[in-house]
Every structure is written in C-alpha cells, then in structure tokens.
Amino acid sequence: MDYTILYFSGTGNTALIASEIAKRLKQAKQSVELISIEDQAQLSGMTFENKIVGFGFPVYKFSYPEIFDKLFPAINQLGNNTEYFLFTTYARFDAEAQYDFIKKLDKTKFKLIARDSFKAPSCGISARKPADDYEYESVMFFESNIKDRLDAFAAAILSKEQAATKPKHSLIGGLKKRIVTDIEHTKYPKLMINQDRCVNCGLCVKNCPDQNLIQSKTQIDMVDDAGCLHCLRCINHCPQNAISFGLLTEGENQYRFKTRDALFQKAADGYREAYWDDFKAVIKQWQRNTLQYWLKHRHSPE
C-alpha cells in the first residue's frame, strides 16, 4: 500500500513523530512519502489517489495550527473515498485539536482509520527555563512509553482497527479556546528582536512558516509582532538567541533538534520520567499557576 504523511512541525516534535511512524510502516514493507506542508514543490504535485493519507500537527491553543486553514480547500479537493489517519503532539493537553481538524475535512471524501496523540516536550516558556527548574523538568520529556505507543499506532494504521473511533467534543470547548487565546496573548504578548544580539543572518526569516519576518540590509523586522502562528521556531533556533516573545521567554535555554533527539532517545530507551506517572497533577499545578498569572497580567502583558 502507498502512504502519504502530510504534516506541519513548529520546532520539530511532529516531524520526528512523523518520521518514526513512516519508519514503522516501511518496516512493514509499505511505501511511504513524507511531505511537510511548507514544501511547496511537493504540495504542488501531491495526489491522494490510491493512497492512505496521514495528517500530523502539534496542538496549538487547544486546536490545530491555523496554517492548515490555507490548505484545507486543496486537501478536500484531493479527497475521494480517502482513508486517513491522524496524529498530534502536545506538551500538556491534546484538547480538541483532532476534533477541530476532522471538522474541516469533507466527511463524504475522507474515512478515519486511526488516530493518536503523543506527549512531547514544550517548545515554549518551559523550554527556556534552566534544566533543573521544576517547570522544565516536569514537562520537557516524551512520554515514557513512546516506543510502544508508536508501534501500536503503526499497527493500528496497518490493520485499520480504530476505524470507528472519533474524538470527543465538549460543550464548553469553544469557551476554553477563547480563554486560552487570551492567556496566550498574556504569556506571549509581543515578538521582539534584540538588535544588539542579532547579526542579521536571516535564518529566522528563512525558516518562518508564517512569512512574518522580513530581512533588510540592516536588520530583521516583523510584519505582525503579536498575531503570528506562535510556533516559536525563530526563538528556539536563532543562533544568537536574540528573539523573545515577551518577558517569560527571555531565558537562555533553547529547544533545538539536538535536545529533541536526546529526549526522544531517552524515552525510547525505556527511561521512565518521574513526572509521567502523575502527569495529571503536573497539569493541574500548571493550570493554577497559569490562571494566576493571567488574572494578574492580562491587562498589562509583559
């Protein structure tokens, strides 16, 4: 069987999970094509004919990344009794991201055969903390049973045994997303470039999936300093650590591919994180801290 995995990845977690799924399908003697939605050349020649399609993305603001909205018309046009699987990566919540994504697909053209969501490290505020900080330690890891989960997901894709499963929808899901949007604005209020550190290398411009950064002869400028995609790729991959998105992201640590790969290998090797067994308690503590910060700073985000 031929498979196409179409994905978006901000700082690399979803790209890694997509490649791990592809590896397992190839081990089962399947043909697999990986396509980033940022690759215009591959997208222009894409077809779903006689293929099973996979969609993957990180959970942003309790939903899917808005960058997919530009692509849904083309995706729905390509669908034709197309079987598909869906996977997401999340730092703390998978929320209703899959439900929202599925709603955007033409249900007369697509049939869900499998779906799953995988705990991955944060690329945001927690990633900027020192490695011995509680906020870093308690969230910066892949789930301890990641290898077994990936094996099981690949098997489900191949067998189509999860065909009847659909994500749940909460009646207050919309309200939660509106609150989360405001919280995001409070915690990540403004994209800023430290011109004293910036060497105008243009790497952030080249890698911005939102075309939100512009390079001139003298400096990097922003199209919108508040309303970008919030993937945080520029912050974590700037070689001079010159970019921040508000006071809470001004740490020295960065979430780069080297860190991602080391954390993934640690989980794949069977290491069991101390916080994973009681991750619900970690989430509750984070919710309390976040709500307190939001209530205190939402009228004057820093």
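Atoms SG and CD1, from C228 and I67 in turn, are 11.0 Å apart once rounded to the nearest 0.5 Å. The line from CD of Q219 to SG of C198 is 8.0 Å long, rounded to the nearest 0.5 Å. From L213, atom CG reaches atom CE of M222 across 7.0 Å, with rounding to the nearest 0.5 Å. The CZ atom of F110 lies 12.0 Å from the CD atom of E83; values are rounded to the nearest 0.5 Å. Of the inter-residue distances, the one linking L16 atom CG with S9 atom OG reads 8.5 Å to the nearest 0.5 angstrom. Separating the OG atom in S216 from the CG atom in D221 is a distance of 5.5 Å, to the nearest 0.5 Å.
Around atom CD of E38, more than 12 heavy atoms belonging to other residues, nucleotides or ligands sit under 6.0 Å away. Atom CD of Q77 sits in a sparse spot, with 12 or fewer heavy atoms from other residues, nucleotides or ligands closer than 6.0 Å.
Counting only N and O atoms by type, the side chains of T4 and E33 include a donor and acceptor under 3.5 Å apart. No hydrogens or angles considered: nothing links the side chains of N80 and T82 as a donor-acceptor pair under 3.5 Å. Remark: the T88 side chain and the S117 side chain contain an N/O donor-acceptor pair separated by less than 3.5 Å. D269 and Q265 are linked by a side-chain donor-acceptor pair at a separation below 3.5 angstrom, with hydrogens and angles left out of the test. Side-chain contact annotation: R115 with Q98, donor-acceptor N/O pair under 3.5 Å present. R288 and Q285 share a donor-acceptor pair across their side chains, judged by distance under 3.5 Å alone. No hydrogens or angles considered: a donor-acceptor pair under 3.5 Å links the side chains of S126 and R92. N200 and Q215 form a side-chain donor-acceptor contact under 3.5 Å, judged by distance and modelled atom types alone. Side-chain atoms of T11 and N236 include no donor-acceptor pair closer than 3.5 Å.
Ring centroids of Y7 and F57 are separated by 6.0 Å or more, keeping the two rings apart. Ring-centre distance between F101 and F72: below the 6.0 Å cut-off. Between F93 and W286, the distance separating the two ring centers is shorter than 6.0 angstrom. The distance between the ring centers of Y90 and Y60 does not fall below 6.0 angstrom.
By the rule that hydrophobic residues join a cluster once side-chain heavy atoms approach within less than 4.5 Å of another member, F8 and Y84 end up as members of one cluster. Both L86 and F48 are assigned to one and the same hydrophobic cluster, defined by single-linkage of ILVMFWY side chains at heavy-atom distances under 4.5 Å. Both L229 and F68 are assigned to one and the same hydrophobic cluster, defined by single-linkage of ILVMFWY side chains at heavy-atom distances under 4.5 Å. By the criterion of side-chain heavy atoms lying less than 4.5 angstrom apart, applied directly or through intervening Ile, Leu, Val, Met, Phe, Trp or Tyr residues, I183 is not grouped with I125; the two fall into different hydrophobic clusters. M140 and F257 fall into different hydrophobic clusters, defined by Ile, Leu, Val, Met, Phe, Trp and Tyr side-chain heavy atoms under 4.5 Å apart, directly or through other members.
Among residue pairs with one or both ends in residues 136-150, those qualifying as salt bridge (charged side-chain N to carboxylate O under 4.0 Å, His left out) are D116-R149, E143-R149, K147-D151; sequence neighbours excluded.
Judged purely by atom type and a 3.5 angstrom limit, S31 has no side-chain atom pairing as donor or acceptor with the backbone of D2. Counting only distance, with no hydrogens or angles, the side chain of Q30 and the backbone of M1 share a donor-acceptor pair below 3.5 Å. Put simply, the side chain of R233 gets close to the backbone of G10: a donor and an acceptor are under 3.5 Å apart. Under a 3.5 Å cut-off, the side chain of R128 and the backbone N or O of G251 do form a donor-acceptor pair. Remark: the backbone N or O of S63 is not paired with any side-chain donor or acceptor of D100 at under 3.5 angstrom. For N76 (side chain) and D106 (main-chain N/O), a donor-acceptor pair under 3.5 Å exists by modelled atom type. A donor-acceptor contact shorter than 3.5 Å links the side chain of K119 to the backbone of A91. Under a 3.5 Å cut-off, the side chain of R298 and the backbone N or O of T186 do not form any donor-acceptor pair.
Residues S138 and E135 approach most closely at OG-O, 3.5 Å, considering heavy atoms. Closest heavy-atom contact between V32 and A22: CG1-CB, 3.7 Å. The shortest non-hydrogen separation linking Y188 to H230 is O-CE1, 4.0 Å. Considering all non-hydrogen atoms of both residues, I235 and S244 come closest at CD1-C, 3.8 Å. Scanning both residues, N253 and A127, for their nearest heavy atoms gives CB-O, 3.3 Å. The minimum heavy-atom distance linking I113 with I157 is given by the pair CD1-O, 3.7 Å.
Ring pair F153/F118 is perpendicular by interplanar angle, where above 60° counts as perpendicular and below 30° as parallel. Ring geometry for F85 against F87 counts as parallel: the plane angle stays under 30°, on a 0 to 90° scale with 60° as the upper cut.
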R197 vs E252, test: salt bridge (Lys or Arg N to Asp or Glu O under 4.0 Å). Steps then yes/no. CA-CA 13 Å; R197 283 190 174 189; E252 293 298 316; 3.2 Å; yes
Ring pair (Phe, Tyr, Trp, His ring centres under 6.0 Å) assessment of Y64 paired with Y99: CA-CA 9 Å; Y64 63 84; Y99 174 85; over 10 Å; no
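Taking 4.0 Å as the cut-off between side-chain N and carboxylate O, E20 and K26 do not count as a salt-bridged pair. The pair R178-E184 does not count as a salt bridge, with every side-chain nitrogen at least 4.0 angstrom from each carboxylate oxygen.
Not a single salt bridge (Lys or Arg N to Asp or Glu O under 4.0 Å) links R256 to another residue, sequence neighbours left out.
The cationic atom of K129 (NZ for Lys, CZ for Arg) does not lie both less than 6.0 Å from the six-membered ring centre of Y136 and within 45° of the ring axis. Judged by a 6.0 Å distance limit and a 45° cone about the ring axis, K266 is not positioned over the six-membered ring of F141.
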